[in-house]
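Down below is the structure, laid out as C-alpha cells.
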Amino acid sequence: MTVENRKGGFVGGDEGSRDPFPAGMRVLAVDDDPACLKILETLLMRCKYHVTTTNQAITALNMLRENRNKFDLVISDVNMPDMDGFKLLELVGLEMDIPVIMLSAYSDPELVLKGVTHGAVDYLCKPVRIEELKNIWQHVVRRKKLEQMDQQKSLRNVGDHTGTKEGGHATSVGTDSDLNGKVSRKRNDPNEEEEDGGEENGHENDDSGSQKKPRVVWSPDLHQKFVAAVNQLGLARAVPKKILDLMNVEVLTRENVASHLQKYRLYLKRISNVASQANLVAALGSKDPSYMRYGSFDGYEDFRAFTGLGKLSTTSPSSYSYNGMLGRLNTPTGLGFRGISSSGLSQPNQLQNSVGSTDYMGQLQSQGAINPVSNLFGGVPTKLEVNQMHLQNKLISYQELKAEDPVTSRLANKLTNQPMTTTSSSGNSSLVTVMSSHFLQKNCIKPSVQMGGLHFELVDAGSSDIMDQSRCSDIWNVCTAQNSKPSPINIPMPLSSPLNNFQLPLNGNFPLSTSSVRDSHIDFSSNAVSGCNDDSRHDIACQGGLVSTSNYTVQIVDYGRDSHIDFSSNAVSGCNDDSRHDIACQGGLVSTSNYTVQTVDYGQSSRSAQSVTLAGGFVGQDVDHQGTAFCNRSSDIPSDVQLSPAVIPADVLNLKGGISSFDSNLRSDNYLPEQSKIQEDEFFQGPFEPLDELMNAVIKREYNDGVLLDGDWV
Amino acid sequence: MNRLLALLFHQGVLDEQFLQLQQLQDESSPNFVTDVVTIYFHESEKLLRNLRALLTDRDFSDYKKMEIHLNQFMGSSSSIGARRIRNVCVAFRAASEQNNLSGCFRALDVLEHEYCYLKNKLHEYFQMEQQRAIAAGARYPMQQHNRTEE
C-alpha cells in the first residue's frame, strides 16, 4: 500500500519528500489559539507531514475549496470564534470528503459524540502528544480504501471485474477525477474499462491531471440543489442522469454528479454509522467496551468490513455493534433499510450470540449480490457487513406501513430484492431478524441502520407503497413456528421458500410495527421474526434490538435519537420451555422462553404521538442474557399488527424515547391508553445508561406494579 | 536538568508536556520553546484581561462567553505543560457551569496568581538558559585555543 500510494502520487506531486508514506501527507491545521497552533505545526512537521496552518476556519474552508486535492487530512479545533468546529467538520465532509480530526481542550463524552456524529474520524484532546499524531495517517488510508472498496463493489455488481484495484490503489485521496473515472467506468461499457484504468493511472500523478473536464467545485448552493434532487427522486432511484436533469445546471456533467453522488452516499453511510454508534453508546452505555473509545473514536470501524470483503469465513462474534435506527443529531435523516434477514441461522438449534455472526454470514453470502452500499455500522463483524452488502441490492425506500397490509406483503417488500432463503425449517431455530422499516423521510441524509446483523439502509420513502414487491424482498428469515406452541404469535415463515414473497404467517399474529415518520425523521418499523423450535437453544444476540427465539416474531427496536427516528418495533420471541435462550440484546429486546418480546424503542428524542408503542406484556422470565433481556409478553396478536395486547405497565412503557407507536392502524391506545407519550427521561439518566439498568428497572417496576400479565402466556 | 526546572516540576507547575516541547526544539527550530512560550504569555494576558473584564462587569451574565475564553486558555495552558494553571481552569469552568459568580472570582484570582508565578519562573529559566548558551559559546573558543597551545 505504501509503495502504491507513493506511486499513486499520494504525495500530491511533492517532489521534496522521498520518504515512504505516511511522510509527506498534507495536513491542514486549524486552531484559533496561536500557541497551540504553533505546537501542532511543529509536532506535525516532526512526524514528517506537510503542514499548512491557519487560525481561521473560514480561511481553511476556502483553502480546501480552492483545491480539493491539496490536502489529505484536516485537524481542527472545536471551539473557534468564527465558525463552530463541528460546522467546519460537516462542511468539509460534505464537500470535500477529506478526513477531519477534531481537537479540543475538553474530552467530554458529549463533545466526542458530537464529533463522531458529525463525521469526524477522530477526536484528540489537548495537549496533543506526538504519538497520537504519528498515527493519524491511518484515517487517510482508511478513507481511500473505503472508496476503493466501494468502487470495486459497484463495479462488481455491474459485472465489471476491472482493474479497479489497480486504479483504485493508484488514486490519490479524494480526487474527483478518480471517482469520475471509476464511476464512469461503472456506467460505461466494459470495453472502456481498460481505457479508464489507463486514465486512472494517468490521473494519479497529476492532481489537476489530465482530466477531461475542469473540476467542478461543489459549492453549498450546488450541493443543496443536488440534495434536493436526490430527495425528490429518492435515494434508491437517484441516478446521476435524473439528478442532473432535476438540478438543471449547465456546467455539470453526469460524471460530476455521479461522483458526487458516490461521495454523498458514503457520507450518509458514515453519518448513520457514527450515529448508530453514537446511539449505541448513548443508549446503552455500550455493552461492548471496544466501542466505548471516546478518546479516539473511530467512526469508521465498519470500514474494516471492507477490508474483509469477500472473506466470509466465520466471524467471531466479537463485539456487538449496536445498530439501531439512527438519527443524525442535527439533521433529519432518512434511513434506508437494507434488511438482511439472517436466514443463516441454520446451525441447528444454535443461534449464535452475535448477530453478525457467521451464520448470518454464511446465509447472507448465499443470498446474492449485495448492494454495494456499505454497511455503516461499526462494530459489525466484517463478514456480516460483507454479507449484508451482498444481500442488499439497493436502497429501498419505505413507506409507512399500513396496518391493513398484510404483513406478508409488507415484509415481502422490504428491503432487499434478494430473496433470502430461510433456513430449512426442520426445527432449526433461526433467528429472524426482519426489519421492515418504512419511513417517510423528508430530507436527505440517509444513514443506514444496522440492526442485529441486519443492515438496513433507510431510504427515502417516497410515497410509493411500501408494499412494492419489486422493491423489496423479504428479508425475513423467519423460522416457522415449528413449535407446537399455540401461541398466537406463531409466525410461520416460509422457511424454505425464498423470501421474496414473504408470506407472513399469520396466525395472525404478526407484530407489525409501523412507524410513521415525523418531522422528516424516520419512523421505522421493523418486524423481526424468528422462531425456533422447542428444543433449540437460542443464542440470540441482538444488536439494536431484535431477537427472537422460538416461534415468535421479533420486532426490532428502534433506537432513534433526536426525534429523527421513530421506530417501532416489536420484538417477539418466544421460546419453548425447553429451550434455553441466551439472548443478548442491545438496545433492547429480548425474550426468553415463552414470551413475546417486544422491543423497546430507545429513541432519545421525543417522539411524536404517532410513534408506535410497543405494547406487550412484559414478562420477565428466564431472562437469560447479559442483562439486557427485556421480556415482553404479548398475548394476542392481531393479525394485522399488533403484537401486544397485553397490558403494558405504564411505566414500563416509559422507556426513553420509546415505545414506538404503531401506526394509526395500530391503536396503541387500545393497549396502552396511558401511554400516549413517550417519556424520555424515564430511564436514561444520561446517554450512557446501561441497558441492564433499564431493563432491571423496567422489570422491577413491572413486578412492583403487579402488572404482570395474567398468565396468558403466549 | 536545570534545578529551577526541576523545582517547577516538583511543584507541579509544569508537567511532561513541557519536556515534549523541549524535545521538539532542534537545529531546525532552535528557539522553539521560547517562541511558543512567548506567544503563550502574550495570548494568556489577553485572555486573563478579558476574563477579568467580563467578571467585573456589573451586568455580567453571559457565562458562555467567559467559557469560550476559558476554553482557549485551558487549551493553550495544557499544550504548554502548565499543569497547575490548567487545573485551576478546570475548577473555574466548573464554577462557571454552575453559574457561581463568587466561585468564578476566586478561581480567577488563583489563576492570575498562578500565571504570574509561572511567568516569572519561566522568564528566569530562559535567562539562565541564555546565559548558559553564551557561556558555552565563550568557552568553546578557549578550549580550542588551549588545545592548539598544547
Side-chain angles (χ1 to χ4, degrees), chain A residues 16-17 23 29-51 53 55-57 75-87 101-112 114-115 123-134 295, chain B residues 14-47 50 64-83 85-90 92-94 96-97 115 118-119 122:
Chain A
S17 166
V30 190
D31 191 339
D32 60 327
D33 179 6
C36 293
L37 194 58
K38 185 157 175 70
I39 295 177
L40 189 58
E41 181 183 12
T42 312
L43 282 170
L44 289 169
M45 290 203 297
R46 185 57 67 93
C47 296
K48 301 212 176 80
Y49 302 139
H50 188 253
V51 189
T53 60
N55 62 353
Q56 297 226 333
I75 300 185
S76 163
D77 187 45
V78 163
N79 309 86
M80 288 190 289
D82 58 340
M83 185 192 291
D84 184 26
F86 295 118
K87 181 116 202 286
I101 294 180
M102 301 308 292
L103 195 59
S104 174
Y106 305 120
S107 59
D108 292 352
E110 293 94 32
L111 285 182
V112 178
K114 199 170 174 197
Y123 191 103
L124 301 177
C125 184
K126 291 181 185 175
V128 185
R129 296 190 312 270
I130 198 169
E131 298 84 29
E132 294 174 349
L133 291 179
K134 285 217 162 101
Chain B
L14 288 179
D15 62 14
E16 60 272 1
Q17 180 67 16
F18 192 78
L19 289 180
Q20 281 231 352
L21 290 191
Q22 289 190 311
Q23 285 169 10
L24 283 179
Q25 181 162 304
D26 58 8
E27 302 79 32
S28 60
S29 50
N31 301 316
F32 176 67
V33 182
T34 41
D35 288 345
V36 173
V37 174
T38 309
I39 297 174
Y40 169 69
F41 285 153
H42 187 69
E43 285 295 310
S44 303
E45 271 152 38
K46 254 196 316 190
L47 288 171
N50 287 344
K64 288 289 168 215
K65 203 157 166 206
M66 196 167 66
E67 279 176 21
I68 295 175
H69 291 304
L70 195 53
N71 194 330
Q72 186 179 337
F73 192 42
M74 186 163 150
S76 51
S77 302
S78 45
S79 300
I80 291 286
R83 171 141 49 122
I85 288 183
R86 185 186 159 273
N87 291 344
V88 178
C89 285
V90 173
F92 196 150
R93 186 193 183 207
S96 168
E97 277 171 0
Y115 172 75
L118 176 71
K119 183 169 177 181
L122 281 181

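Below, all heavy atoms of this structure are taken into account, side chains as well, without hydrogens, waters or symmetry copies. Here is the naming used below: chain letters follow the sequence lines, and residue numbers restart at 1 for every chain. This one's a predicted model, so the numbers in the text were calculated from it and none came from an experiment.
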In terms of heavy-atom contacts, B:L24 and A:I39 come closest through CD1-O, 4.5 Å
With rounding to the nearest 0.5 angstrom, report the CG to OG1 distance, B:L21 to A:T42. 8.5 Å
Nearest heavy-atom neighbours spanning A:Y106 and B:N71: CE1-ND2, 3.1 Å
Mind checking the NZ-OG1 spacing from A:K38 to B:T38? Nearest 0.5 Å is all I need. 10.0 Å
By a 4.5 Å heavy-atom criterion (distance strictly below it), what part of B:Q17 contacts chain A: side chain, backbone, both, or neither? side chain
Could you walk me through whether A:D33 and B:K46 pass the salt bridge (Lys or Arg N to Asp or Glu O under 4.0 Å) check? CA-CA 12 Å; A:D33 179 6; B:K46 254 196 316 190; over 6 Å; no
Does anything in residues 16-41 of chain B pair up under salt bridge (charged side-chain N to carboxylate O under 4.0 Å, His left out), and if so which pairs, sequence neighbours excluded? A:R46-B:D26
Which residues pass the salt bridge (Lys or Arg N to Asp or Glu O under 4.0 Å) test with B:D15, not counting sequence neighbours? B:R83
Taking the side chain as C-beta and beyond, is there a heavy-atom pair between B:Q72 and A:D32 under 4.5 Å? yes
Could you walk me through whether A:L43 and B:Q20 pass the side chain to side chain contact (heavy atoms under 4.5 Å, CB included) test, one step at a time? CA-CA 9 Å; A:L43 282 170; B:Q20 281 231 352; 4.2 Å; yes
Using side chain to side chain contact (heavy atoms under 4.5 Å, CB included) as the criterion, point out the one residue from A:P34, A:P127, A:C36 that pairs with B:S76. A:C36
Highest number of heavy-atom pairs under 4.5 Å with chain B: which of A:K126, A:M80, A:R129? A:K126
Side chain, backbone, both or neither: which part of B:L47 has a non-hydrogen atom closer than 4.5 Å to chain A? neither
Heavy-atom distances under 4.5 Å only: say whether B:I68 touches chain A with side chain, backbone, both or neither. neither
